[in-house]
S.K.: 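Before anything else, here's the structure in question.
Since the model is a prediction, treat every value here as computed from it, not as a measurement.
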Amino acid sequence: MSLDLNNAVVVITGASSGIGQATAEAFARRGSKVVLAARNGDALDKVTQACKCIGGDAISVVTDVIDPAAVRALAEKANALGRIDVWVSNVGVGAVGRFEETPIEAHVQVIRANLIGHMNDAHAALPIFLKQGRGTFINMISLGGFAAAPFATAYSASKFGLRGFSEALRAELADKPNIRICDIYPAFVDTPGLSHGANYVGRRVSAPPPVLDARRVAEAVVKVAISPRATTTVGAVTTATRLAHLLAPNLSARVLGRLMAAYFERAPRIAESDGNLYRPSSDAARIDGGLRSQHRLSAPLLLGLTALAAVALGATVASRISRPRRGPSSSHWLS
């Protein structure tokens, strides 16, 4: 059965900017009661007010998803509204830099936020879902769940891990048809996330076009909330990247690594920073990151990414053609 979003109770973590803020506003427009969580209380208050202005009922709960007790408290406050219909686990941080040049503490923090944080969300939400007999848990993963991201190794590890976590959780809940675990895999999105992240490469980070509007991703989340499905990809780049990794994972990762290295050689220098790994960003409460106006900086990356699927397919076909045929069936075809 599809969910009526009017008066539905929806929890959204990472709601202080970007996809989280866009998702909060999308549910608010449909009359949902949104419970917004993030570390930045001031930004949450602004997003909460915006949601109220467009017709939704909204409350904010300052929460660091790394802290399981804080997440449990968030769940209790949301459940006090009578139930929780949807939980959108959206927190995501990143650290860009060569693996050995990035502090190990930064790698650990990325894993804690992007993987353990989502597990904390699920661990708090599922008992409520099981008690009420229904509920939808939506994991925001990204195309990084399908293909490795060189120069962002911890991010890759967290996203691969998150995909595995979701698959395992779906299997455990297979006998609970009214409790759904759903994954969203957007391509590159125009949010402040890249500028907020930690940067240990000392170069400005951008994203290759086509860069998605975060509101498009939010609409995909809303659609999944109404009619749950296990896997939803957003953007053609995700589909191409998924195919390339399926056909030739090592080759596609090497090609992307070389493209990234070439990009960083040309990108403008900036100061290295821990970004928002250990503290909230000061310029939150913004959906857009301005990336759609920077296409020229990253056009070479686009060409490389769109070629990955073709390269992988060609390599796979070539290897099969060159492989010698053996056995009776081979003799039959060669005779």
Side-chain angles (χ1 to χ4, degrees), residues 3 5-93 113-114 117-118 120-125 128-129 135-140 182 184 186 189 191-193 196 214-215 217-226 276 279-289:
L3 174 67
L5 293 183
N6 188 43
N7 290 319
V9 178
V10 181
V11 178
I12 305 168
T13 61
S16 60
S17 67
I19 294 173
Q21 180 178 349
T23 300
E25 294 182 6
F27 278 107
R29 289 191 189 92
R30 290 161 173 83
S32 300
K33 299 177 181 178
V34 292
V35 182
L36 309 181
R39 294 175 296 173
N40 188 326
D42 291 339
L44 274 182
D45 289 342
K46 292 178 182 178
V47 178
T48 298
Q49 188 59 40
C51 289
K52 290 179 178 179
C53 289
I54 56 180
D57 186 7
I59 63 173
S60 62
V61 184
V62 176
T63 308
D64 187 343
V65 297
I66 289 175
D67 180 359
V71 179
R72 287 194 298 270
L74 167 65
E76 290 171 2
K77 290 181 180 179
N79 197 38
L81 297 175
R83 65 189 184 282
I84 298 176
D85 297 296
V86 180
W87 188 299
V88 183
S89 189
N90 175 67
V91 167
V93 299
N114 293 3
H118 287 244
N120 286 337
D121 282 358
H123 204 263
I128 295 171
F129 288 173
T136 299
F137 187 86
I138 301 176
N139 260 324
M140 186 62 62
C182 307
I184 308 289
V189 185
T191 73
H196 287 170
R215 297 163 188 81
V217 182
E219 289 302 318
V221 174
V222 169
K223 184 177 179 180
V224 168
I226 295 171
N276 65 348
R279 63 194 63 82
S281 302
S282 59
D283 66 337
R286 291 190 297 121
I287 293 177
D288 301 304

S.K.: Quick check for you: to the nearest 0.5 Å, what is the distance between Met140 atom CE and Ile19 atom CD1?
M.R.: 5.0 Å
S.K.: Identify each donor-acceptor pair in which a side-chain atom of residues 35-56 lies under 3.5 Å from a protein atom, sequence neighbours left out, and give them as a table.
M.R.:
from: Arg39; atom 1: NH1; to: Asn276; atom 2: O; distance (Å): 3.2
from: Arg39; atom 1: NH2; to: Asn276; atom 2: O; distance (Å): 2.7
from: Asn40; atom 1: OD1; to: Asp42; atom 2: N; distance (Å): 3.2
from: Asn40; atom 1: OD1; to: Ala43; atom 2: N; distance (Å): 2.9
from: Asn40; atom 1: ND2; to: Ser281; atom 2: O; distance (Å): 2.7
from: Asp45; atom 1: OD1; to: Ser60; atom 2: OG; distance (Å): 3.3
from: Thr48; atom 1: OG1; to: Leu44; atom 2: O; distance (Å): 2.8

S.K.: Can you check whether Arg286's main-chain N or O pairs, donor with acceptor, with Gln21's side chain at less than 3.5 Å?
M.R.: yes
S.K.: Going by the rule side chain to side chain contact (heavy atoms under 4.5 Å, CB included), which residues pair with Ser32 if we only count those two or more places apart in sequence or in a different chain?
M.R.: Leu5, Ala8, Val10, Phe27, Val34
S.K.: About how many Å separate CD1 of Ile84 and CG of Leu74, when rounded to the nearest 0.5 Å?
M.R.: 7.5 Å
S.K.: Quick check: closest heavy atoms across Ser89 and Asn139, and the distance to 0.1 Å?
M.R.: CB-OD1, 3.6 Å
S.K.: Who pairs with Asp121 by salt bridge (charged side-chain N to carboxylate O under 4.0 Å, His left out), at least two apart in sequence or on another chain?
M.R.: none
S.K.: To the nearest 0.5 Å, what is the distance between CD1 (Ile184) and OG1 (Thr23)?
M.R.: 9.0 Å
S.K.: The criterion is salt bridge (charged side-chain N to carboxylate O under 4.0 Å, His left out); which residues satisfy it with Arg72, sequence neighbours excluded?
M.R.: none
S.K.: What is the minimum heavy-atom distance between Ala225 and Val86, and which atoms define it?
M.R.: CB-CG2, 4.0 Å
S.K.: Name all residues meeting the side chain to side chain contact (heavy atoms under 4.5 Å, CB included) criterion together with Glu76; count only those two or more places apart in sequence or in a different chain, and write none if there are none.
M.R.: none
S.K.: Who are the side chain to side chain contact (heavy atoms under 4.5 Å, CB included) partners of Ala22, not counting sequence neighbours?
M.R.: Ala214, Arg215, Ala218, Ile287
S.K.: Flag the pair Val221 / Val88 as yes when at least one side-chain heavy-atom distance between them is below 4.5 Å, and no otherwise.
M.R.: yes
S.K.: Indicate yes or no for a side-chain donor-acceptor contact from Asn90 to the backbone of Gly14 under 3.5 Å, with no hydrogens or angles considered.
M.R.: yes
S.K.: Would you please test Asp283 and His196 for side chain to side chain contact (heavy atoms under 4.5 Å, CB included) and show each step?
M.R.: CA-CA 9 Å; Asp283 66 337; His196 287 170; 2.6 Å; yes
S.K.: Mark yes or no for whether Asn114, through its side chain, and Val93, through its backbone, hold a donor-acceptor pair below 3.5 Å.
M.R.: yes
S.K.: At their closest point, which heavy atom of Ala15 faces which heavy atom of Ile12, and how far apart are they?
M.R.: CB-O, 3.5 Å
